[in-house]
Amino acid sequence: MHDIRLIRDDPAAFDAAMARRGLAPLAEAILALDSARRDALTTQQEGLARRNALSKQFGDFKKQGQNPPTDLVAELESLKHNLPQGDVDVAAKTEEIHALLSALPNRPAAEVPEGADEAGNVEVARWGTPRVFDFPPIEHADLGPPLGLDFETGALISGARFTFLRGQMARLHRALGQFMLDRQSGENGYTECNPPLLVKDEAAFGTGQLPKFAEDLFQTTEGRWLIPTAEVSLTNAVQGQILSDAALPLRMTALTPCFRSEAGAAGRDTRGFIRQHQFEKVELVSIARPEDSEAEHERMTAAAESILQALGLPYRRMLLCAGDMGFTARKTYDLEVWLPGQGAYREISSCSNCGDFQARRMNTRYRPEGGKGTEFVHTLNGSGLAVGRTLVAVLENYQQADGSVDVPEALKGYMGGLTLLVPQG
RNA sequence: GGAGAGGUGGCAGAGUGGUCGAAUGCACCGCACUCGAAAUGCGGCAUACCCGCGAGGGUAUCCAGGGUUCGAAUCCCUGCCUCUCCGCCA
């Protein structure tokens, strides 16, 4: 959500920022609405002030046992008749401008590169050396089934984009989640959380899924939304709050299932475990002071990278261009892991600084120490990491010629003695 | 799911139709006293928005939304949430 004052102060800069996202100029229309709303509001407030004053007189007459003069009564009568319409007028204009503003994406940070889509993303770092295979590495979709990655049963009971994990594969999946959560809540200093997976409209609005992206979510019959990421639950944990300066930064992590309808992704990644309706992810969320959010973003990205490094998975860090960033982000790093079976880098984590964009939607503020009043916090979120995609990366990077898969050193303590995944039947 | 109680400022907690944006206590900030601190005294201390160059003025907010009334923290309805008891249940 944008600060309307920012648009009033510099409409051209606002339009320029939206243009980077590929949007047509909007400031003029917004400001016209804003001006109409304020006119209506001022008129209404003058009416209310008049009513309050007259009501006081009315009460004074009554208290002295006198009947209020008829012209006083008449004016009150007319105010009583007219004020509700003024309310409706103001509410309608407020709603109109709110609807418009809440559907606009965040302004990209200055250092975010120009670009319309992923082709404009910039590689800023690369870690690890892809392993040299003495046999042709295969994709996880072919490698996985004999190891317990059961796409058929997933499709049987739930349909496309659902997978059933069995035996050693289920164990490896669990090990990955536990390992990541331990790492983030331990060394990396995030507080482990176990949040609700179903949330109210307000929460989905706060993190930006609503009103624009409802079709990407699953909704229960009684109206709650299944979280598409724990970002929604963790970030909204501070909705409506005024935090103390000393409490910041707030760092939270959670391992949760995530649910996505994948509307609009028809035909993409239909094979394999990359794009599922349900997947697990360790999420990182930080609530930070504005002046610290830049550094916090780097710290968070490093926390996500620490998992890839510990698992020995080569990756690169991409700085997303303006056109490829998510709705709420002002700056985003994607981590892309090397998948030798596909011969490509694939997204496995996305770490975003949302600035005060979500904080405004949630109305989350803090009291700066020594300062006056309150200020919106900055929110950040990142995957640390997506468990399913990490499973894919482990399979493809640690595969052997005979179709077995080595368990990475870092996971051995989580595997109950299992050090090698072996094809069954 | 059934029955009951309740939701007031950072916290606790008064307030049942106008004099209430709201007593009091605690916390916090400033000043005084003090070598300093504590104690004490005095003063201050909600949020958002609108008008105004400013000084300042105004509006709204006592969970939320409706309603009654000239006027609602206070009365009525609905919803949400919390607590207690019962039922069911992992």
Side-chain angles (χ1 to χ4, degrees), chain A residues 1-9 30-98 100-102 194-206 210 219-225 233 236-248 250 256-257 287 356 359-377:
Chain A
M1 187 72 111
H2 295 285
D3 184 355
I4 184 76
R5 282 169 297 198
L6 223 104
I7 306 176
R8 282 180 208 147
D9 290 350
I30 293 170
L31 291 182
L33 270 174
D34 177 49
S35 164
R37 186 190 85 91
R38 285 194 288 167
D39 288 347
L41 184 60
T42 301
T43 303
Q44 179 67 358
Q45 290 188 349
E46 282 164 358
L48 286 167
R50 180 72 180 154
R51 184 204 63 186
N52 289 347
L54 295 182
S55 281
K56 203 170 179 83
Q57 291 180 28
F58 186 103
D60 289 343
F61 279 113
K62 284 289 186 187
K63 220 173 305 171
Q64 291 164 28
Q66 304 171 17
N67 277 329
T70 52
D71 59 335
L72 177 66
V73 175
E75 188 173 355
L76 276 167
E77 201 46 49
S78 108
L79 281 169
K80 188 185 179 179
H81 180 72
N82 292 326
L83 285 175
Q85 185 50 48
D87 267 341
V88 169
D89 196 27
V90 171
K93 290 185 161 68
T94 302
E95 175 50 38
E96 197 177 348
I97 202 161
H98 184 261
L100 192 56
L101 286 181
S102 60
N194 194 319
L197 308 180
L198 268 49
V199 298
K200 300 192 279 191
D201 288 354
E202 289 78 1
F205 177 83
L210 295 184
Q219 188 172 28
T220 66
T221 52
E222 39 77 75
R224 278 181 247 270
W225 304 90
S233 302
N236 278 286
V238 296
Q239 77 173 232
Q241 294 187 29
I242 299 176
L243 304 164
S244 77
D245 196 48
L248 301 177
L250 219 54
T256 71
I287 312 295
D356 64 6
R360 287 181 181 282
R361 297 170 85 96
M362 299 191 299
N363 196 22
T364 302
R365 293 158 291 163
Y366 82 110
R367 289 181 200 286
E369 191 73 56
K372 56 174 171 52
T374 59
E375 229 180 291
F376 287 108
V377 297

Gap in Å between the two [atom1] atoms, one belonging to [N] and one to [M], rounded:
{"N": "B/G9", "M": "B/G57", "atom1": "P", "answer": "26 Å"}
{"N": "B/C49", "M": "B/C81", "atom1": "P", "answer": "29 Å"}
{"N": "B/C63", "M": "B/G7", "atom1": "C1'", "answer": "6 Å"}
{"N": "B/A73", "M": "B/C20", "atom1": "C1'", "answer": "8 Å"}
{"N": "B/G17", "M": "B/C70", "atom1": "C1'", "answer": "12 Å"}
{"N": "B/C26", "M": "B/C77", "atom1": "P", "answer": "39 Å"}

(Q) Under the rule for side-chain contact (heavy atoms from CB on, under 4.5 Å), what residues qualify as partners of A/Glu46, not counting sequence neighbours? (A)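 A/Glu46 satisfies side-chain contact (heavy atoms from CB on, under 4.5 Å) with A/Thr42 once adjacent residues are dropped.
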
Q.
Run the side-chain contact (heavy atoms from CB on, under 4.5 Å) test against A/Asn363 and tell me which residues pass, sequence neighbours left out.
A.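 Testing A/Asn363 for side-chain contact (heavy atoms from CB on, under 4.5 Å), a comparison that skips the adjacent residues, returns A/Arg365, A/Phe376.
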
(Q) Using the ring pair (Phe, Tyr, Trp, His ring centres under 6.0 Å) criterion, which residues pair with A/Phe58? Sequence neighbours excluded. (A)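 Once residues adjacent in sequence are excluded, A/Phe58 has no partner under the ring pair (Phe, Tyr, Trp, His ring centres under 6.0 Å) criterion.
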
Once you apply the 3.5 Å cut-off to both distances, tell me the Watson-Crick or G-U wobble partner of [N], or none.
{"N": "B/C28", "result": "B/G44"}
{"N": "B/A90", "result": "none"}
{"N": "B/A55", "result": "none"}
{"N": "B/G9", "result": "none"}

Value in whole Å for how far the [atom2] atom of [N] lies from [atom1] of [X]:
{"X": "A/Asp201", "N": "B/A64", "atom1": "CG", "atom2": "C1'", "result": "14 Å"}
{"X": "A/Gln44", "N": "B/U61", "atom1": "CD", "atom2": "C1'", "result": "16 Å"}
{"X": "A/Lys200", "N": "B/C80", "atom1": "NZ", "atom2": "C1'", "result": "7 Å"}
{"X": "A/Lys56", "N": "B/G17", "atom1": "NZ", "atom2": "P", "result": "17 Å"}
{"X": "A/Gln239", "N": "B/C63", "atom1": "CD", "atom2": "C1'", "result": "13 Å"}
{"X": "A/Gln64", "N": "B/U19", "atom1": "CD", "atom2": "P", "result": "16 Å"}
{"X": "A/Glu95", "N": "B/G65", "atom1": "CD", "atom2": "C1'", "result": "15 Å"}

Q.
Using only atom types and a distance under 3.5 Å, with no angle test, would you say the side chain of A/Ser233 pairs donor to acceptor with the backbone of A/Pro196?
A.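 Yes.
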
(Q) Could you check whether any side-chain N or O of A/Gln44 sits under 3.5 Å from a backbone N or O of A/Val90, counting only pairs where one atom can act as donor and the other as acceptor? (A)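 No; judged by distance alone, with no hydrogens or angles, the pair does not exist.
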
**Q.** Contact list for residues 48-59 of chain A, test salt bridge (charged side-chain N to carboxylate O under 4.0 Å, His left out), sequence neighbours left out
**A.**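 Matches after skipping sequence neighbours: A/Arg50-A/Glu75.
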
**Q.** Qualifying salt bridge (charged side-chain N to carboxylate O under 4.0 Å, His left out) pairs with a residue from residues 80-94 of chain A, counting only residues at least two apart or across chains
**A.**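 For residues 80-94 of chain A, and leaving out neighbouring residues, the salt bridge (charged side-chain N to carboxylate O under 4.0 Å, His left out) pairs sorted by first residue read A/Asp89-A/Lys93.
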
Q) What string of B, S and - do you get for nucleotides 48-60 of chain B, 5' to 3', when a contact is any protein heavy atom under 4.0 Å? A) SSBS------BBS

Q) Among all residues two or more places apart in sequence or in another chain, which pass the salt bridge (charged side-chain N to carboxylate O under 4.0 Å, His left out) test with A/Asp3? A)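 Applying salt bridge (charged side-chain N to carboxylate O under 4.0 Å, His left out) to A/Asp3 gives A/Arg5, A/Arg360.
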
(Q) Tell me every residue that passes salt bridge (charged side-chain N to carboxylate O under 4.0 Å, His left out) with A/Asp34, counting only those two or more places apart in sequence or in another chain. (A)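 Partners of A/Asp34 under the salt bridge (charged side-chain N to carboxylate O under 4.0 Å, His left out) test: A/Arg8, A/Arg38.
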
Q. Going by heavy atoms closer than 4.0 Å, what residues in residues 69-93 of chain A are next to RNA chain B?
A.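 Close to the strand are A/Leu76, A/Lys80.
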
(Q) For a 4.5 angstrom cut-off between non-hydrogen side-chain atoms, does A/Ile7 reach A/Leu31? (A)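 Yes - at least one pair of side-chain heavy atoms lies under 4.5 Å apart.
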
